[in-house]
Amino acid sequence: MDDHEATRAAIETVWRIESPRLIAALARITGDVGAAEELAQDALVIALEQWPVQGVPDGPGAWLTATAKHRAVDLVRRRVRYDQKLREVGRDMEAHAQAEAYGEPDIDAMDDHIGDDLLRLIFIACHPVLSAEARAALTLRLIGGLTTHEIARAFLVPEPTIAQRIVRAKRTLADKQIPFEIPAPGELTGRVASVLEVIYLIFNEGYAATFGADWIRPELCAEALRLGRVLAGLMPRQVEVQGLVALMELQASRIPARTGPDGDPILLTDQDRLRWDRLLIRRGLAALGRAEQIDAAPGPYAVQAEIAACHARAGSVKDTDWERVAALYVVLAHLTPSPVVELNRAVAVGMAYGAARGLEIADTLTSQPALAGYVQLPAVRGDLLAKLGRLDEARAEFTRAAALTRNDRERALFEARAEACLPEP
């Protein structure tokens with residue numbers, strides 16, 4: 001790699017790390033997420049022009065921030081509300097002239113609200129006024145620092161579709177005049193729920209891809225984990241924030257064991273637990289411990305983390321405290337009544353008290369409209385029926401599951417399980 005390529009690689013690395021904070025600071029100044037991203041991109045272009053010639057500055061993130069902020073102030077100066085906005089910025093840019101002469105602007109006097117700004121940006125990107133798909137795309141773009149191409153590739157969606165979602169999301173935020181602020185205490189719980197929903201949506205799409213050739217997309221899990229850790233650092237006393245981080249850490253610990261050498265899925269009951277990531281397990285249990293120390297009732301994410309912890313603490317499927325898992329699903333169903341939660345409870349009950357009792361619960365869900373096309377319902381019923389020796393019925397359920405899934409690896413798994421139910425020749 002020559003010097004030019006090395007410099008460009010350094011710029012891309014700095015951009016990925018610093019762009020969320022940079023856009024957040026600029027959005028506070030301009031009050032416009034779209035304008036903030038454009039200003040940040042302008043700063044990146046300047047860096048691409050200057051750094052290969054002048055060298056990468058000692059404080060590259062600070063350089064980008066100060067350069068973009070100068071341009072933001074120029075933008076504010078051109079606006080009608082000149083005096084008011086300039087007071088909000090509250091900086092005399094002439095004080096930076098000498099530092100600029102040496103090629104690196106002085107930002108010592110800049111506003112020290114980066115953490116709060118980033119938190120505000122997270123709440124804006126995940127605002128309930130946007131659709132779940134738009135929130136996910138905008139969050140990965142603004143907070144994750146991913147390019148439109150990277151987001152499209154991760155979700156297996158055409159790049160123009162992702163670009164349109166992002167553009168429309170930013171336009172909606174501007175048209176609705178969404179304020180760049182942390183919600184008031186009375187609104188915080190609902191808005192945090194929206195943020196957590198987006199982060200977990202991103203994680204789940206990586207953990208068990210809904211369609212495509214790969215069962216797992218680790219890059220999406222990694223981005224969701226990074227977002228969750230950032231949020232936990234900014235909101236350390238929120239039970240559900242810590243609960244979600246714990247849940248994702250514990251679930252992510254299984255990723256190395258969830259696929260075989262050829263990429264085929266390996267179910268929880270068949271995984272080699274020695275391949276589970278012990279560091280992620282320790283981090284997940286630590287986050288769960290922090291959630292338990294907060295003087296507040298646990299929410300759905302914290303309860304799901306408790307369930308994941310039961311698996312993480314067990315050395316094998318047999319050693320798992322399935323009775324506790326089943327009881328925790330009862331608690332979860334109380335917090336968030338859902339046929340999907342009941343289906344998961346059916347699995348736990350089947351492991352704790354026998355397949356027949358689990359099947360009784362699963363059978364009550366077959367008429368639920370919400371599960372009409374849900375691939376896991378026939379998959380669970382097929383597994384329970386197979387354990388009971390009702391192989392013809394099990395084969396029919398696995399065949400139905402294979403027809404429902406849009407993921408190639410999962411389809412192959414269900415087809416193999418259906419074939420395994422055929423009688424010996």
Side-chain angles (χ1 to χ4, degrees), residues 18-37 39-40 65 68-69 72 76 81 84-85 87-91 110-132 134-145 166 169-202 223-245 248 287 290-291 294-297 299-302:
E18 299 293 340
S19 61
R21 297 181 181 88
L22 177 58
I23 294 170
L26 295 170
R28 176 173 50 80
I29 294 171
T30 63
D32 185 330
V33 171
E37 189 178 13
L39 289 166
T65 302
K69 188 174 181 182
V76 171
R81 299 187 333 179
Q84 179 183 352
K85 286 295 181 182
R87 283 196 299 272
E88 291 175 2
V89 175
R91 290 290 177 264
M110 287 182 64
D111 295 335
D112 188 20
H113 298 298
I114 289 178
D116 288 343
D117 285 344
L118 188 56
L119 186 57
R120 292 186 184 99
L121 185 60
I122 290 173
F123 275 107
I124 288 176
C126 300
H127 199 285
V129 73
L130 305 175
S131 69
R135 279 181 273 162
L138 191 61
T139 300
L140 286 172
R141 172 75 171 189
L142 298 181
I143 315 299
I166 294 172
K170 289 188 287 189
R171 185 183 301 132
T172 298
L173 294 175
D175 291 346
K176 299 287 187 180
Q177 297 183 327
I178 302 301
F180 189 73
E181 62 186 18
I182 297 173
E187 303 174 358
L188 189 60
T189 301
R191 290 285 296 279
V192 169
S194 175
V195 173
L196 298 180
E197 176 189 11
V198 170
I199 294 175
Y200 199 40
L201 181 154
I202 295 168
E223 285 301 325
L225 269 171
R226 185 161 71 89
L227 294 172
R229 290 165 184 163
V230 168
L231 189 62
L234 297 172
M235 306 183 71
R237 301 300 300 170
Q238 286 284 327
V239 173
E240 280 293 78
V241 173
Q242 296 291 346
L244 177 59
V245 171
M248 292 191 299
R290 290 192 294 272
I294 299 171
D295 186 19
Y301 292 115

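All values below were derived from every heavy atom in this structure, side-chain atoms included, with hydrogens, water molecules and symmetry-related copies excluded. All residue numbers refer to positions in the sequence shown, counting from 1.
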Do you know which two heavy atoms are closest between [X] and [Y], and how far apart they sit?
X: Thr30; Y: Ala35; value: OG1-CB, 4.4 Å
X: Ile294; Y: Pro236; value: CD1-O, 3.7 Å
X: Leu138; Y: Ala169; value: CD2-CB, 4.0 Å
X: Pro20; Y: Ile143; value: CG-O, 3.0 Å
X: Gly299; Y: Val239; value: N-CG1, 4.4 Å
X: Phe180; Y: Ala24; value: CZ-O, 3.3 Å

Salt bridge (charged side-chain N to carboxylate O under 4.0 Å, His left out) with Asp117: which of Arg28, Arg21, Lys69? Arg28
State which residues pass side-chain hydrogen bond (donor to acceptor under 3.5 Å, both in side chains) with Glu240; sequence neighbours excluded, sorted by chain then number. none
Contacts of Glu18 meeting side-chain hydrogen bond (donor to acceptor under 3.5 Å, both in side chains) (sequence neighbours excluded), chain-then-number -> none
Any side-chain heavy-atom pair of [X] and [Y] under 4.5 Å:
X: Ile29; Y: Leu39; value: no
X: Met235; Y: Leu119; value: yes
X: Leu231; Y: Leu244; value: no
X: Val33; Y: Ile178; value: no

Please tabulate, for the side chains in residues 191-202, all donor-acceptor contacts under 3.5 angstrom to protein atoms that are two or more places apart in sequence or on a different chain.
from, atom 1, to, atom 2, distance (Å)
Arg191, NH2, Phe123, O, 3.2
Ser194, OG, Cys126, O, 2.5
Ser194, OG, Arg135, NH1, 2.8
Glu197, OE1, Arg135, NH1, 3.4
Tyr200, OH, Gln251, OE1, 3.2

Any side-chain hydrogen bond (donor to acceptor under 3.5 Å, both in side chains) involving residues 228-238? Give me the pairs, sequence neighbours left out, ordered by first then second residue. Arg229-Glu249
Which distance, rounded to the nearest 0.5 Å, do you find between the CG of Leu188 and the CD1 of Ile182? 8.0 Å
To the nearest 0.5 Å, what is the distance between OG1 (Thr172) and CD (Gln177)? 13.0 Å
Please enumerate all residues that pass side-chain contact (heavy atoms from CB on, under 4.5 Å) together with [X], with sequence neighbours excluded.
X: Ala174; answer: none
X: Ala40; answer: Trp15, Leu22, Ile23, Leu26
X: Ala287; answer: Gln242, Val245, Ala246, Arg290

Apply side chain to side chain contact (heavy atoms under 4.5 Å, CB included) to Leu234 and Ile122, showing your working. CA-CA 10 Å; Leu234 297 172; Ile122 290 173; 4.2 Å; yes
Salt bridge (charged side-chain N to carboxylate O under 4.0 Å, His left out) pairs, two or more places apart, involving residues 173-189: none
Of all residues at least two apart in sequence or in a different chain, which pass the salt bridge (Lys or Arg N to Asp or Glu O under 4.0 Å) check with Arg171? none
